[in-house]
Amino acid sequence: MKVRIALRIVEWTSLPLLLFAGLMVISGYGLTSEAARNASLGLLTFSRSQTIHLSRLIKLGFVSLLLLHTYTGTEVLGEKLRVGGRKRLASVVEYGVIAFLIYVGWITLNGEFGG
Amino acid sequence: MKKELFALFVLILLILGTYGLKGQGGNSSTQSPVSKQRADFIEITGFVERPYNITYEELEALPSKSVTAELYCVDSPNLPRKSGTWIGVPLRVLLERAGVKEGAYKIAFYAEDGYTTDLYVEDVMNNKSIIVAYELNGKPIKPRLVVPGRWGYKWIKGLTKIRLVNYNFKGTWESAGYPDEAYIEGPTQRGAS
């Protein structure tokens with residue numbers, strides 16, 4: 001993947017990823033912490049947190065953005081490392097991230113559609 | 001090209017790992033050694049006048065009550081996990097046999113796998129629909145608490161101990177921050193009949 005395109009994807013996925021990640025984190029605490037619910041100024045209730053946190057759209061949106069953003073971000077980082085003469089480290093980072101992202105995607109697929 | 005091949009290799013490893021393990025009995029739902037060693041009775045203890053153990057057979061011999069209710073889990077609020085007619089003994093009856101001591105505030109429930117949950121004594125004494133079920137839709141089940149209108153984490157299964165306490169005991173999920181009352185709100189709210 002060309003670095004320029006990768007960088008563009010990183011930039012464009014940042015804000016939606018922030019939104020989705022924020023929703024997942026907030027609603028996760030809303031599910032499991034009474035203190036968090038109290039601190040939310042009345043926005044988070046257990047059932048609202050449940051609706052957000054268990055929404056397939058939000059979960060899949062979050063994971064898709066996470067995979068896309070992280071993969072392209074790693075491509076950019078890898079290229080930077082290569083330009084700096086650290087080819088070995090670049091490969092280790094890239095392959096490590098690919099393996100981890102595939103694992104995340106696999107768990108997500110099974111969690112959502114595995115019955 | 002190298003990366004695509006590597007990705008494919010990882011994916012194949014995952015598929016083989018997942019389905020290969022399943023075939024060899026690596027499924028986590030396999031019964032643990034602990035559950036095989038469980039005792040076939042429920043202990044009723046704590047803040048009571050007469051602590052006692054009740055065997056499954058003795059439980060089934062007590063006057064029963066049938067409750068039609070659906071079990072909803074927090075992770076799938078619109079889809080009942082289990083539903084039908086539950087037959088069991090009102091929890092209130094089991095507590096009355098033990099004689100609830102003044103000052104008893106909550107009831108701690110323990111399952112054979114270490115899971116715990118809780119209910120308020122007052123709620124239980126005022127609700128005949130909360131039963132310790134031993135049958136669902138005509139089929140025998142391990143003793144399970146049926147708490148209509150509340151989330152599934154109150155419906156403890158494989159019940160081994162009921163302990164009355166005078167403090168604010170919280171079960172496994174309640175300690176993790178789930179609402180202690182656990183009433184189901186919204187469209188899935190259902191009572192018992």
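Atom set for the values below is all heavy atoms of this structure, side chains included, hydrogens, waters and symmetry mates excluded. Just so it is clear, the structure is predicted and the values come from calculations on it, not from any experiment.
- More than 12 heavy atoms of other residues, nucleotides or ligands lie within 6.0 Å of CZ in B:Arg50, so this atom counts as buried by the packing criterion.
- Around the OH atom of B:Tyr115, the shell of radius 6.0 Å holds more than 12 heavy atoms that belong to other residues, nucleotides or ligands.
- The environment of B:Glu58 atom CD is dense: over 12 non-hydrogen atoms of other residues, nucleotides or ligands sit within 6.0 angstrom.
- Heavy atoms of A:Ser47 lying under 4.5 Å from chain B belong exclusively to its side chain.
- Highest contact tally toward chain B, considering only A:Ser91, A:Gly105, A:Ala35, A:Ser33, is held by A:Ser33 [criterion: heavy-atom pairs under 4.5 Å].
- Here the CD atom belonging to B:Glu185 is positioned 10.5 Å from the CZ atom belonging to A:Arg48, to the nearest 0.5 angstrom.
- The number of heavy-atom neighbours closer than 6.0 Å to NZ of A:Lys59, taken from other residues, nucleotides and ligands shown, is above 12.
- In this structure, chain A has heavy atoms under 4.5 Å from both the backbone and the side chain of B:Ile15.
- Of all the heavy atoms in A:Leu54 and B:Pro77, the pair that sits closest is CD1-CD, 3.9 Å.
- Residue B:Ile130 is not grouped with residue B:Tyr110 when hydrophobic side chains (ILVMFWY) are merged at heavy-atom distances under 4.5 angstrom, including chains of intermediate members.
- Contacts of A:Tyr95 with chain B are made by both backbone and side-chain atoms, with heavy-atom separations under 4.5 Å.
- B:Ala7 and A:Ile98 make their closest contact through CB-CG2, 4.1 Å (heavy atoms, listed as atom of the first residue, atom of the second, distance).
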Item to check | Intermediate values then yes/no, salt bridge (Lys or Arg N to Asp or Glu O under 4.0 Å), B:Lys3 and A:Glu75 | outcome: CA-CA 11 Å; B:Lys3 280 181 196 164; A:Glu75 287 284 306; 2.8 Å; yes
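- Among all heavy-atom pairs drawn from B:Val74 and A:Gln50, the shortest one is O-NE2, 2.7 Å.
- Crowding of A:Arg56 atom CZ: a count of heavy atoms from other residues, nucleotides or ligands under 6.0 Å exceeding 12.
- Around atom NZ of B:Lys157, no more than 12 heavy atoms belonging to other residues, nucleotides or ligands sit under 6.0 Å away.
- The closest side-chain heavy-atom distance from B:Leu14 to A:Tyr103 is below 4.5 Å.
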